[in-house]
Colleague: 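The structure's right below; bear with me while I get my questions together.
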Amino acid sequence: MTIQTDPLGAAGLTFFSKISASISHEIKNSLAVINESAGYLEDVTLMTRKGLPLDPERLGALASTMLKQVQRTNTIIKNMNRLAHSLDEDYRRVDLGELGELMAHLSERTLVTKGFRLTLTAPAQPVSVITHPFFLQNLIWLTLNFAMSVCGESKTILMAPSKNAAGAEICFSGLDRITEEMVQDFLAQGGRLLLDALNASCHTATGQGRLTLSLPEDIHQLKAS
Amino acid sequence: MRILLVDDEEEFVATLAERLSLRDIEADWVTSAREAEKIADTRHYDLVVLDVKMPHMGGRQLKQLLEKKMPGIKTIYLTGHGSEEDYKAGSAEAEYYLMKPININDLIDKINDALAT
């Protein structure tokens, strides 16, 4: 029997599963903080019953910790929900500033664990294109993973969406060790597939440590050569 | 018995240390591998509880460094990350591999078991 695989679908599933694993890890961390705070409250309740005095300052700090963690988890779940709903429509107008922010949140744990930092420069004016949101998120995630492998000593990756003549672009910089050969490997390992699906293109300024994804104003537009 | 807790979630690790001290277990805590290395130069620990996934250096790499400084130190891994691969590797390397959130009594049982061997 031969198993038929759809490369674009497989890339999407890999992306979705990696993000899901990272999100579940984050939620578990948050639950662990709430669990210890609640446990401590239980401990002090027992001690109070034995006649030891309550420390209102400490109780207030615990309440504040728990509220902060609930807020943190809520944000994580909201972002997870936004990612899940990005498959609702094949094509729609996407605000690249908002999408960049979502991807920065979703990728944060992966980047931080590996010692990297992502700085998103929000565009001065809203930048949007008609595109496939999920494929674009997948491409950004793949590009961020590639960016970590070619990032300079500062270990800081800069991501900046902006308008261009064709529609819009997302520029990744800080990639001091980037070479044309590495970009070709990145394209061969899934980058090209997603660029084609998005009718997009990729440009590299190796001397300046920069890689730019260029997106048409409308995904159905003929690709500029 | 003196134990060291290493986890980048400060509110988690600080509260856990406080709860252990209420149970007469002396526990220091730090939030990075770098701090753990530093404190291990000044104090001896019988057991270390390590978060597997931390920025810059994870628990598995830190364990190797701490073992060089304190041969025979016992290790318990603690993680929110639940991959099968990590679980297998972590269980083989450490005395115990526990998933967050944890029950403090379970953790104390594992600490006692690890130190008894």
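A note on names: the letters A, B, ... follow the listed sequences, proteins ahead of strands, and every chain is numbered from 1.
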Colleague: Check this for me, if you would: do Lys100(B) and Glu9(B) make a salt bridge, where the nitrogen-to-carboxylate-oxygen distance has to be below 4.0 angstrom?
Modeller: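 Looking at Glu9(B) together with Lys100(B), the answer is no, because their closest N to O distance does not fall below 4.0 Å.
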
Colleague: Of all of Lys53(B), Glu10(B), Glu18(B), Met54(B), which one pairs up most often with chain A through heavy atoms under 4.5 Å apart?
Modeller: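 Result: the option with the highest number of such pairs is Glu18(B).
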
Colleague: Let me know if Lys155(A) has heavy atoms under 4.5 Å from chain B in its side chain, its backbone, both or neither.
Modeller: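 Neither the backbone nor the side chain of Lys155(A) comes within 4.5 Å of chain B.
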
Colleague: Kindly say whether Arg19(B) contributes a backbone atom to a donor-acceptor pair with the side chain of Arg23(B) at under 3.5 angstrom?
Modeller: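 Yes, because the side chain of Arg23(B) sits within donor-acceptor range (under 3.5 Å) of the backbone of Arg19(B).
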
Colleague: Asp43(A), Leu31(A), Ile34(A): which one forms the most heavy-atom pairs within less than 4.5 Å of chain B?
Modeller: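 With the most close heavy-atom pairs to chain B, the winner is Asp43(A).
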
Colleague: Exactly one of Asn103(B), Ile104(B), Ile108(B), Ile102(B) should register a side chain to side chain contact (heavy atoms under 4.5 Å, CB included) with Asp106(B). Which one does?
Modeller: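 Answer after filtering Asn103(B), Ile104(B), Ile108(B), Ile102(B): Asn103(B).
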
Colleague: Please look at Arg58(A) and chain B and tell me whether the side chain, the backbone, both or neither of the residue comes under 4.5 angstrom of a heavy atom of that chain.
Modeller: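 For Arg58(A), the side chain is the part near chain B, not the backbone.
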
Colleague: Please classify the contact of Asp7(B) with chain A as side chain, backbone, both or neither, using a heavy-atom distance under 4.5 Å.
Modeller: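 Contact with chain A is absent: no heavy atom of Asp7(B) under 4.5 Å.
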
Colleague: How long is the span from the OH atom in Tyr45(B) to the CG atom in Leu66(B), to the nearest 0.5 Å?
Modeller: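 Separation between the atoms: 10.0 Å.
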
Colleague: Side chain, backbone, both or neither: which part of Leu22(B) has a heavy atom under 4.5 Å from chain A?
Modeller: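 Looking at Leu22(B), just its side chain touches chain A.
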
Colleague: For Lys18(A), does its backbone N or O pair with a side-chain atom of Ser22(A) as donor and acceptor, under 3.5 Å?
Modeller: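 Not a single qualifying donor-acceptor pair exists.
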
